[in-house]
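In what follows, residues are counted from 1 in the order of the sequence shown.
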Amino acid sequence: MRPLEGVRVLEVAMYGFVPSAGGVLADWGADVVKVEHAVTGDPQRGLRQVGTMRVDGDPNPNIEHANRGKRSLGLDLSVPEGKEVLEALVRRSDVFLTSFLPGARRKFGIDVDDVRAVNPKIVYARGSALGPRGLEADKGGYDMTAFWARGGTAASLTPPGADGMVSPPGPAYGDTISGTNLAGGIAAALFRRERTGEPSVVDVSLFGSGLWAMGHGIALSMHVGEPLVAAPPGAHGSPRNPLSGLYATSDGRYLAFVMLQPGKFWADVCRHIDRPELADDPRFADAERIAANTAEAVGILREAIAARTLAEWTERFATLAGPWAPVQDSLQAGNDPQARANDYIVKAGELELVASPVQFDVTATAAGPAPEFAAQTEEILTELGLDWDRIIALKAAGAVT
């Protein structure tokens with residue numbers, strides 16, 4: 001049994017951030033009903049081009065990633081009949097999850113007080129761009145603006161003098177991280193309600209999540225009074241540790257060492273690169289001297305590692321004691337044997353998707369496919385106790401799709 005089985009989530013949200021929270025909750029076993037615009041559905045369904053990659057036809061990973069395992073209902077919130085259906089769904093739900101801005105929540109009567117008037121015990125969860133307070137609380141935004149740019153990541157990754165700013169590494173990068181934060185907050189609120197009977201209002205923003213992702217670096221910056229500055233492209237990494245940084249291989253690939261105790265691992269690295277004599281070199285006799293001679297050690301390691309391909313080093317370093325990793329692109333990461341061994345990539349309908357990152361009882365996440373637009377409308381209305389004549393009348397009025 002998954003931990004949230006029996007929990008009902010009503011999602012009134014669009015695009016990537018808040019729907020990805022619903023997707024995580026569905027992975028954890030919740031019954032997530034996704035309310036979509038009665039005519040157009042979630043605008044994310046129309047996203048077909050991302051960078052150089054285009055998706056024609058279905059399934060479309062651009063909608064599947066954040067909407068796995070849900071059921072879809074097409075509903076017009078602007079008409080009384082649609083509002084009646086929404087209120088019936090609210091009455092039976094444990095969680096109301098929304099991405100709508102404050103003005104839209106007031107317009108459609110789905111703000112905290114409106115929803116709590118129908119179901120006083122519901123957990124109300126909202127995702128925003130910049131948080132629920134302050135002068136900009138009513139502003140919208142996306143992960144590129146609120147998480148990546150404003151939260152400090154973009155500037156911290158962009159080397160001084162670069163021609164332009166570093167962009168996010170992929171679509172919905174900040175959305176997915178922020179959505180997982182929101183799902184965790186909802187789970188905590190459900191636990192509190194279970195223990196105390198008191199429901200919570202849960203808030204997560206893209207900006208707050210971006211700050212949290214940069215939290216260690218921001219704490220350092222605030223303490224010493226200076227911003228983080230990215231190293232120039234091609235830089236090794238640590239100025240005092242040759243075993244913490246990047247090295248290029250003969251085929252133009254990279255591997256990363258992160259051995260924070262260089263004295264402990266130096267001899268083993270030397271053996272693995274066929275330079276055992278370096279273990280006894282007085283320049284590298286202990287951690288202090290390794291730190292003092294980092295530039296020389298980096299030069300030696302660069303020359304040695306540049307002599308073989310990444311595949312060759314991957315085989316050789318299988319027995320290396322210290323932490324290291326190949327630098328992989330998104331396709332390689334998806335096919336990584338360790339990802340497969342741990343069920344970090346799961347089948348969801350016709351697609352393979354990355355599993356949400358929490359497992360329970362060493363069991364793979366069960367991810368279902370995203371619903372077709374309004375595919376479960378009749379099923380959901382029937383569960384609400386509506387007979388076929390009433391469903392036909394709602395469809396005729398344009399309240400549901």
Taking the basic N atoms (NZ, or NE/NH1/NH2) and the acidic carboxylate oxygens, is any pair closer than 4.0 Å for [X] and [Y]?
| X | Y | answer |
| --- | --- | --- |
| Arg126 | Asp203 | yes |
| Glu296 | Arg283 | yes |
| Asp56 | Arg48 | no |
| Asp286 | Arg289 | yes |
| Arg275 | Glu277 | yes |
| Glu136 | Arg150 | yes |
| Arg2 | Asp27 | no |
| Asp113 | Arg116 | no |
| Lys70 | Glu11 | yes |

Heavy atoms only: give me the nearest [X]-[Y] pair and the separation to one decimal.
| X | Y | result |
| --- | --- | --- |
| Trp28 | Ser356 | NE1-OG, 4.2 Å |
| Asn67 | Pro371 | O-CD, 3.5 Å |
| Ala256 | Leu246 | CB-CD2, 3.7 Å |
| Ala339 | Ala333 | CB-O, 4.0 Å |
| Leu4 | Leu25 | CD1-CD2, 3.6 Å |
| Thr377 | Thr401 | OG1-O, 2.7 Å |

Would you tell me whether [X] and [Y] have side-chain atoms, one donor and one acceptor, within less than 3.5 Å of each other?
| X | Y | answer |
| --- | --- | --- |
| Asp251 | Thr249 | yes |
| Arg192 | Ser200 | yes |
| Asp175 | Ser20 | no |
| Glu36 | Ser72 | yes |
| His272 | Thr319 | yes |
| Asn60 | Asn62 | yes |
| Thr309 | Glu312 | yes |

Would you indicate whether the side-chain heavy atoms of [Y] and [X] approach each other to under 4.5 Å?
| X | Y | value |
| --- | --- | --- |
| Lys34 | Pro19 | yes |
| Leu77 | Lys83 | no |
| Val9 | Ser93 | no |
| Asp281 | Leu278 | yes |
| Pro61 | Val55 | yes |
| Leu86 | Val12 | yes |
| His216 | Leu220 | yes |
| Val95 | Leu190 | yes |

Extract all donor-acceptor atom pairs below 3.5 Å that involve side chains of residues 230-237 and protein atoms in other chains or at least two apart in sequence.
{"unit_1": "His236", "atom_1": "ND1", "unit_2": "Tyr247", "atom_2": "OH", "d": "3.4"}
{"unit_1": "His236", "atom_1": "NE2", "unit_2": "Asn241", "atom_2": "O", "d": "3.0"}
{"unit_1": "His236", "atom_1": "NE2", "unit_2": "Ser244", "atom_2": "O", "d": "3.1"}

Test item: [X] side-chain N/O and [Y] main-chain N/O as donor-acceptor pair under 3.5 Å:
| X | Y | answer |
| --- | --- | --- |
| Asp361 | Thr363 | no |
| Gln332 | Asp329 | yes |
| Thr98 | Phe100 | yes |
| Asp114 | Asp111 | yes |
| Arg193 | Lys121 | yes |
| Gln49 | Gly51 | yes |
| Thr158 | Ala155 | no |
| Glu64 | Ala370 | yes |
| Thr153 | Ala149 | no |
| Asp94 | Val7 | no |

Is the [atom1] atom of [X] crowded by more than 12 outside heavy atoms at less than 6.0 Å?
| X | atom1 | value |
| --- | --- | --- |
| Glu372 | CD | no |
| Met1 | CE | yes |
| Arg133 | CZ | no |
| Gln359 | CD | yes |
| Lys264 | NZ | no |
| Phe360 | CZ | yes |

Centroid-centroid under 6.0 Å between Tyr142 and Tyr15 rings: yes

Leu182 side, atom CG; Leu206 side, atom CG - distance, nearest 0.5 Å: 10.0 Å

So Ser78 and Asp76, side-chain hydrogen bond (donor to acceptor under 3.5 Å, both in side chains) or not? Walk me through it. CA-CA 5 Å; Ser78 68; Asp76 188 344; 2.6 Å; yes

Qualifying residue, where the test is salt bridge (Lys or Arg N to Asp or Glu O under 4.0 Å) with Glu378 and the options are Arg71, Arg390, Lys395: Lys395

Residue pair Trp324, Phe317: steps toward the ring-ring contact (aromatic ring centres under 6.0 Å, His included) verdict: CA-CA 8 Å; Trp324 78 279; Phe317 288 166; 5.3 Å; yes

What orientation do Phe147 and Tyr173 show, parallel under 30°, tilted 30 to 60°, or perpendicular over 60°? perpendicular

In terms of ring plane angle, is the pair Phe284 and Trp266 parallel, tilted or perpendicular, where the classes change at 30° and 60°? tilted

Residues in side chain to side chain contact (heavy atoms under 4.5 Å, CB included) contact with Ala154, at least two apart in sequence or another chain: Trp148, Met165

